[in-house]
Amino acid sequence: MSDFLSRLNDPQRAAVTLPAVHALVLAGAGSGKTRVLITRIAWLIATGQCSPHNVLAVTFTNKAAKEMQARLATLVPVNTRSMWIGTFHGLCNRLLRAHHREAGLPAQFQILDAADQLAAVKRLLKNLNIDSERFPPRELCYFINAHKEEGIRAAQAEAFDDHTRRRVALYAEYEAQCRREGVADFAELLLSSYELLSRNEPLRRHYRERFRHILVDEFQDTNLLQYRWLKLLAAAPENGADAGGAKLFAVGDDDQSIYAFRGAKVGNMRDFEREFRVENVIRLEQNYRSHGNILDAANAIIKNNRDRLGKNLWTDTGAGEPVRVIEAFSDADEARMIVEEAQMLMNGGPEEGEAPLAPDQIALLYRSNAQSRILEHQLFSAGIPYRVYGGLRFFERQEIKHALAYLRLLTNPDDDTAFLRIVNFPTRGIGMRTVENLQAGAAQTHSSLYNAAAGEGRGGGRSAASLAAFVRMIEEMRKQTQNLPLPQIVAHVLAASGLRAHYLAEKEGQERLENLDELENAASNFVSESGWIEDEAQAAAETSGISALTQFLTHAALEAGDHQAGEGQAALQLMTVHAAKGLEFDAVFVTGLEQGLFPHENSVTERDGLEEERRLMYVAMTRARRRLYLSWAQTRLLHGQTRYNLPSLFIEEIPAALLSTLNTISLKPRPDREETFRPSAKGREGNATGALPQGLRIGQNVSHPKFGQGVIVAAEGSGTESRVQVNFGSRAGTKWLALEYAKLTPL
DNA sequence: CTGCAGCGTTTTTTT
DNA sequence: AACGCTGCAG
């Protein structure tokens, strides 16, 4: 036990060995925060201060939760499966399954993922004859989720204008629809669980007595509802007196809050400190990850943000390499130079005798997924293995969603979302007209679509025959799979639904077929991996008859991202900056550092948008251990057209002394590409623009007395009529200027 | 009812 | 460029 304490530095040990008090650990990037949290749990258990039973540990991603379980198991001999370690959603789901009656949910309630929710909202609008131009479904989803995440039901939602009143009414309709169909969206898991605990006093008391210690990782990413959920279990002191309940141990970094755009509230850190009278704020400021120059550069950037809790990372590992800047003429050049540089690192670096880097120790990061394509192209040409994270995830693929919908309908005939997804897929002659009639009928009798279809089928008529056939097929499936083990249920459904046959007949169906096979595998693995879990909530769930199928479907909804092929192979790592949070690499390339892309142009319209972009940049840079590259391209193909860009503000925010602009020519001469290394070199402009005087051209950097530095992005007219469009970056935006009057100085 | 052509949109993302 | 959705012709 003292063994795992001895490996900690002083503040880390201080945090781990705090007595049973509320505590906040402000931990910078690479300072060992997750380690502190895990060691804290191990220490509490090893010293006999509590049993695993008394611990609740919560994170945001399944990956982090699994890592926590695995690392904890190496420190203390406990069965981590029996512990409450998981994501907010996972734990809330567990609570709701165990107490579904009290929560007012059916035992087999299904979980709607974001796509399901959107489909449900669209269907709602259609049924109510609402113009989806005036009430865009996406926006309505956002409206609903934002309210739920603030703990606000439709009945309590405020509206001061007609449009909002309508949206609140739709929110109410949506709630009713979900209840009718026995489904819960992600936010609903949290809200229902919160309401369950807040209105059911005996239950709340039970869990309050059970959990003595609640530990939260990435606390800066919690939203209001999650924080309130935590407050129900770990009561804040009242009138200075301890209110009982668990002790809350929160770990986080306000500088790494990058999810405000979806409701995360950094302010929770300050609120926690105040409301819980936290006397123990421990700062972990020693970084064990990055070399000095990298850290200094990251610190230089983040200090431009106001309103920080304050913290300065340091390291004793030496300055290391300067941060390299790669300037490219085009996105293609940028990609080529990056790939070349990465290739060099894998071959042993520029210095004599430098150790080669493993490909999976090199990461290519970007602001948006669309940027991966061109990097992939260059990597592919160079024959370098790479792996792209993110993008479409396994359980979100259409063939998988279709298969799951059949399974869902077997479990719960009221699931209209599932019904609509598959009633005519593969196509079986049930068109929109038939479905609309069915929906009208179902609405009148207040029954689900499936029940309506079963009734309709008995009736007779032309479209009734095909509906009856569909219902017969589902019933037959239900009968055939009744007592089968899960993997065989899945196999049977894939065949009997006609999904397999459909993709077999499709020209491009090969990959989809493989994914269906993979779904069968996933079902097998799920059965063999989920051993009996000894836990009262789980036991309660089991006895109330939660089938293996329901558990599998829940797993599919909550852990959609966990099924990525090609894991563990030596390959270059490509991902968005968001996806890179929590990871580290020897060498990191942060790409596309251009005004409008990173920081993203849409961020300027959001409150504190630029600050969040800056935190994102901070996260990106602090992923690097030894080498950090920042690249930008003067032109980039976006949405099918070429855009001209200025270098990102963030490059300017780094002291020049820490930077070194990479000159690939001196490292590896390639005279045939020389011109592409200088953004200021004469370029390949001239797509049908008017003749411009005095050496002005598209892509030319110019200076304007009022608007400052900019770049010419378009031109039209000639002579005294000619105008140019200039992008002045975030400060002044993009403007059309008449050349006759505007005083533009070429730079 | 089905399939296709044209249109509009396009950040980040976990659950 | 690429995908999804809508509207129209077969």
Side-chain angles (χ1 to χ4, degrees), chain A residues 58-65 86-93 111-119 122 126 132-133 136-138 142 145 148-149 184-191 193 218 221-223 225-226 257-264 331 365-374 377 389-393 395-396 398 423-436 462-463 466 554-562 575-582 592 596-606 609 612-613 615-617 619-620 636-642:
Chain A
V58 61
T59 64
F60 280 85
T61 66
N62 293 297
K63 196 173 154 207
T87 62
F88 277 102
H89 293 85
L91 297 176
C92 285
N93 174 62
I111 297 167
L112 300 186
D113 67 15
D116 294 331
Q117 188 189 27
L118 186 65
K122 281 181 182 166
K126 205 163 180 186
S132 56
E133 302 271 285
R138 296 195 91 86
Y142 180 82
N145 293 337
K148 288 190 180 183
E149 281 161 13
D185 59 48
F186 287 136
E188 185 64 34
L189 292 177
L190 285 160
L191 184 51
S193 159
E218 309 277 18
D221 287 338
T222 51
N223 63 34
L225 184 56
Q226 286 160 341
S257 158
I258 55 174
Y259 287 110
F261 75 93
R262 64 168 200 229
D331 48 356
L365 308 184
Y366 33 82
R367 176 66 178 83
S368 65
N369 279 311
Q371 290 167 252
S372 78
R373 187 178 289 281
I374 194 149
H377 180 79
Y389 290 77
L392 194 56
R393 296 205 300 279
F395 285 109
E396 290 170 358
Q398 70 146 7
V423 66
N424 197 33
F425 194 95
T427 49
R428 45 176 74 92
I430 302 174
M432 231 160 58
R433 199 55 182 273
T434 309
V435 172
E436 271 168 17
R462 243 177 305 121
S463 61
S466 49
T554 300
H555 164 81
L558 289 180
E559 298 178 39
D562 255 28
M575 66 193 85
T576 63
V577 180
H578 283 92
K581 187 163 145 199
L597 187 60
F598 197 179
H600 198 279
E601 56 198 349
N602 294 1
S603 72
V604 299
T605 58
E606 279 157 39
E612 177 143 317
E613 294 288 308
R615 291 192 292 269
L616 201 49
M617 181 66 183
V619 168
R636 183 175 297 276
L637 200 60
L638 197 66
H639 309 322
Q641 55 184 345
T642 306

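Each chain gets a letter, A, B and so on, in the order the sequences are listed, and its residues count up from 1. Everything quoted here is computed from the prediction, not taken from an experiment. Keep in mind that the numbers below use all heavy atoms, side chains included, and drop hydrogens, waters and symmetry copies.
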**Q** Is A:His578 stacked on the base of B:dT12, meaning ring centres closer than 5.5 Å and planes within 30 degrees of each other?
**A**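 It does not: the ring fails the test against the base of B:dT12.
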**Q** On the nucleotide B:dT14, are OP1 or OP2 found under 4.0 Å from the side-chain N or O atoms that A:Asn223 carries?
**A** no
**Q** I'd like a table of atom pairs between the protein and nucleotides 4-10 of chain B - only N or O on both sides, under 3.5 Å - with the distance next to each one.
**A**
none

**Q** Taking for each residue the nucleotide of DNA chain B with the nearest heavy atom, is it A:Arg367 or A:Arg433 whose nucleotide lies nearer the 5' end?
**A**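 Counting from the 5' end, the first nearest nucleotide belongs to A:Arg433.
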**Q** Whether the side chain of A:Arg262 and the base of B:dT14 hold a donor-acceptor pair under 3.5 Å is what I'd like checked.
**A** yes
**Q** Using a 4.0 Å heavy-atom cut-off, does A:Ile430 contact any base of the nucleic acid, only the sugar-phosphate backbone, or nothing at all?
**A**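 Sugar-phosphate contact only - A:Ile430 comes under 4.0 Å of backbone atoms but never of a base.
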**Q** Looking at every strand, decide which applies to A:Thr427 at a 4.0 Å heavy-atom threshold: base, sugar-phosphate, or nothing.
**A**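 Sugar-phosphate only.
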**Q** Summarise protein proximity over nucleotides 3-10 of chain C in one line of letters, 5' to 3': B for base, S for sugar-phosphate only, - for none, counting protein heavy atoms closer than 4.0 Å.
**A** --S-----
**Q** Of all the choices, B:dC1, B:dT2, B:dT11, which nucleotide is nearest to the side chain of A:Thr434 once you look at every atom?
**A** B:dC1
**Q** Pick base, sugar-phosphate or nothing for A:Asp221, based on heavy-atom distances below 4.0 Å to the nucleic acid.
**A** nothing
**Q** Does A:Asp221 have any side chain to side chain donor-acceptor pair (under 3.5 Å) partners at least two apart in sequence or in another chain, and if so, which?
**A**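 So A:Asp221 forms a side chain to side chain donor-acceptor pair (under 3.5 Å) with A:Lys581.
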**Q** Verify the contact: side-chain N or O of A:Asn62 to OP1 or OP2 of B:dT15, cut-off strictly under 4.0 Å; return yes or no.
**A**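 It does, given that an N or O in the side chain of A:Asn62 lies less than 4.0 Å from OP1 or OP2 of B:dT15.
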**Q** By a 5.5 angstrom centroid cut-off and a 30 degree plane limit, is there stacking between A:Phe261 and B:dT12?
**A**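 Yes, aromatic ring over the base.
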**Q** Under 6.0 Å between ring centres: does that hold for A:Phe261 and A:His600?
**A**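 Centroid separation for A:Phe261 and A:His600: 6.0 Å or greater.
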**Q** Are A:Asn369 and B:dT13 close enough that a side-chain N or O sits under 4.0 Å from OP1 or OP2?
**A**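 For A:Asn369, the contact criterion (side-chain N or O under 4.0 Å from OP1 or OP2 of B:dT13) is met.
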**Q** On the nucleotide B:dT14, are OP1 or OP2 found under 4.0 Å from the side-chain N or O atoms that A:Thr87 carries?
**A**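 So the side chain of A:Thr87 is outside the cut-off, no N or O lying under 4.0 Å from OP1 or OP2 of B:dT14.
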**Q** Output yes when A:Arg262 and A:Glu149 qualify as a salt bridge under the 4.0 Å nitrogen-oxygen rule, no when they do not.
**A** no
**Q** Heavy atoms under 4.0 Å, any strand shown: does A:Tyr259 hit a base, just sugar-phosphate, or nothing?
**A**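 A:Tyr259: backbone/sugar contact only, no base atoms under 4.0 Å.
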